[in-house]
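Within every chain, numbering begins at 1; the chains are lettered A, B, ... in the order of the sequence lines, protein sequences first and strands thereafter. Just so it is clear, the model here is predicted, and its values are computed rather than measured.
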There are 2 protein chains.
Amino acid sequence: MTEATRRERLRAETDREIRRQARALLVEHGRDAVTLRAIARELGITAPALYRYYDSREDLLHHLADDICTDLAVELNAGLVDIPPDDVTAQVYAVCRGFRRWALAHPQEFALVFASTETTLGTCGPDGRSQVGDQFGRVFLEVAGKLIASHPMPHDRGDRVPAELHADLEVFQQVLVDTVNQRGVAVDTGVLDLYAVYHITQSWVRIYGHVALEVFGRFPFAVANPEPMYDSMLAEILGEMGFPTPPP
Amino acid sequence: MTEATRRERLRAETDREIRRQARALLVEHGRDAVTLRAIARELGITAPALYRYYDSREDLLHHLADDICTDLAVELNAGLVDIPPDDVTAQVYAVCRGFRRWALAHPQEFALVFASTETTLGTCGPDGRSQVGDQFGRVFLEVAGKLIASHPMPHDRGDRVPAELHADLEVFQQVLVDTVNQRGVAVDTGVLDLYAVYHITQSWVRIYGHVALEVFGRFPFAVANPEPMYDSMLAEILGEMGFPTPPP
DNA sequence: GGCATCGGTGAACGGTGTTCACAGAGTTGA
DNA sequence: TCAACTCTGTGAACACCGTTCACCGATGCC
């Protein structure tokens, strides 16, 4: 059964260990502490050996970012298992709160994945291939998709979104519909008007904005109690989509 | 008149040159390229000499961040001079668009100032003293303040914001009122209800969120035309505050 | 003028990413 | 079985980096 040769197994194990130690260094001492030599030291090998696994430090950081996205997706999905499948509102709360909780608990990872310029973390983003937040984005998209599928949109309000945005939003609309369909729920493009797509985009702007501001401490005043502010924002977002505000 | 001694003048000149070169390195090659030795090399001096001016590399980066905030404030203010003083809506557009334009043109500076964790850029943020975005924040606060002073708020809607937020928002409320008063416009705390303060906070969340997402390329889909999306968001924000939507 | 202070130097220490020739173990095929 | 080959790791080396320290010359002050 185990087709893998001995060498392949050892290699895979070493690779996992490299990422594990790199991750630990990132968490405990920040991005600049993720050093090839430090990683090698922890593994009891020498730094050049790491080049058998990654092209460069930057390459390693890139793979690390991918790992982080995957783990975040797993964590967000795990927080979803106790929610009744038909209570989409509760699912939205769970995912959004999970995202904030994770970001605050893992600020270094958050900064690496969600606040890195192209020059400091290779080419990524949704322009070309291999977008960093791919695995992670899927979680959000799925919940957003379910939200749509479960809820009849008020009615056609496409004319409320500026014409210049139509092209972009239609792309995202297709992504959303595809994501939902991929989960087995058959949905037509028609149920998701452009204004809803626009609103989802704006929701991501607000969720990301709040979390990043909190992680980086850039609110314009000292917020002693950010959690109810976040919850209030979520309630507002859901309210604008026609959902009632549930308890925490 | 020139009280400064020769040594002091030379010192000030060297200091300016240090920051200038550090800034150039940051802009052109990113944060990691801001190296004491590289700066010294450009100035024709040796690296240890820089320790006569800054305690460490981190200290220099911190001062650099302050400079950037000041410059950004100057730039935003400069974009305000051509706007009629009574057209507050136009002022809001000018400042918000200026912020986005600056961030996109200076991604490295934006990342340093607005997306740095405490461990990577010393202690800052609105918790203790010397908040990084102080100079910059003032510009936004001023415009927001004018917006309020010039516009009668609908009416008391303080009950629409959750009780847990009242304490935090009251602090910000006072900051806003003080900022406006400091500009000569006498304003009472009464004209600015808590819901308006909450809305201003949310506006900052959205503005920051959109700009950061765009700078870091983390929108969930490839946005080919982000500018109208930003403008549309601004119009929405202003609309929710009871302002009409003006042309660009 | 004497003297303290300030700004800059050069050497040094320990750290970094990266390259390269080399060695040893694992694998493969005749 | 054993030679050939591939893969993983090594050690030395290069060019950088932040930081410390003793030293030195010019500047400024009494």
Upstream residue (5' side of DNA chain C) when A/Arg41 and B/Arg11 are each assigned their closest nucleotide: B/Arg11

Looking at C/dG17, does its base get a donor-acceptor pair with the side chain of A/Arg37 below 3.5 Å? yes

Looking at every non-hydrogen atom in both residues, tell me the closest pair between A/Leu64 and A/Arg23 and how far apart they are. CD1-N, 4.1 Å

Please give, in whole Å, the distance from D/dC14 C1' to A/Leu36 CG? 16 Å

Whole-Å distance, A/Leu25 CG to C/dG15 P, equals 15 Å

NA contact type, A/Arg57, heavy-atom cut-off 4.0 Å: base, sugar-phosphate, or nothing? sugar-phosphate

Closest to the A/Thr35 side chain: D/dT20, C/dG8, C/dT16? C/dT16

Rounded off to whole Å, could you give me the CD-to-C1' distance for the B/Glu13 and C/dG7 pair? 15 Å

In this structure, how many angstroms lie between the P atom of C/dA4 and the CZ atom of B/Arg7, rounded? 14 Å

Quick one: the side chain of A/Arg52 and the base of D/dG9, do they pair up donor-acceptor inside 3.5 Å? yes

Output yes when at least one side-chain N/O atom of B/Thr46 is less than 4.0 Å from OP1 or OP2 of C/dT9, else no. yes

Between B/Thr5 and D/dG28, is there a contact of a side-chain N or O with OP1 or OP2 at under 4.0 Å? yes

Please report the distance, rounded to the nearest Å, between CZ in B/Arg9 and C1' in D/dA26. 15 Å

In whole angstroms, the gap separating P of D/dG18 from OH of B/Tyr54 amounts to 15 Å

Is B/Tyr53 touching bases, backbone alone, or none of the nucleic acid, heavy atoms closer than 4.0 Å? sugar-phosphate

Angle between ring planes, A/Trp204 versus A/Tyr208, binned at 30° and 60°: parallel, tilted or perpendicular? tilted

Main chain of A/Tyr54, side chain of A/Asp59: is a donor-acceptor contact present, judged purely on distance under 3.5 Å? no

Mind calculating the distance between CD1 (B/Ile45) and P (D/dG25) to the nearest angstrom? 19 Å

Is B/Arg11 paired with B/Glu8 through a side-chain N to carboxylate O contact shorter than 4.0 Å? no

In whole angstroms, the gap separating P of D/dG18 from CG of B/Leu60 amounts to 10 Å

Taking atom types as modelled, find out whether A/His62 and A/Glu58 have a side-chain donor-acceptor pair closer than 3.5 angstrom. no

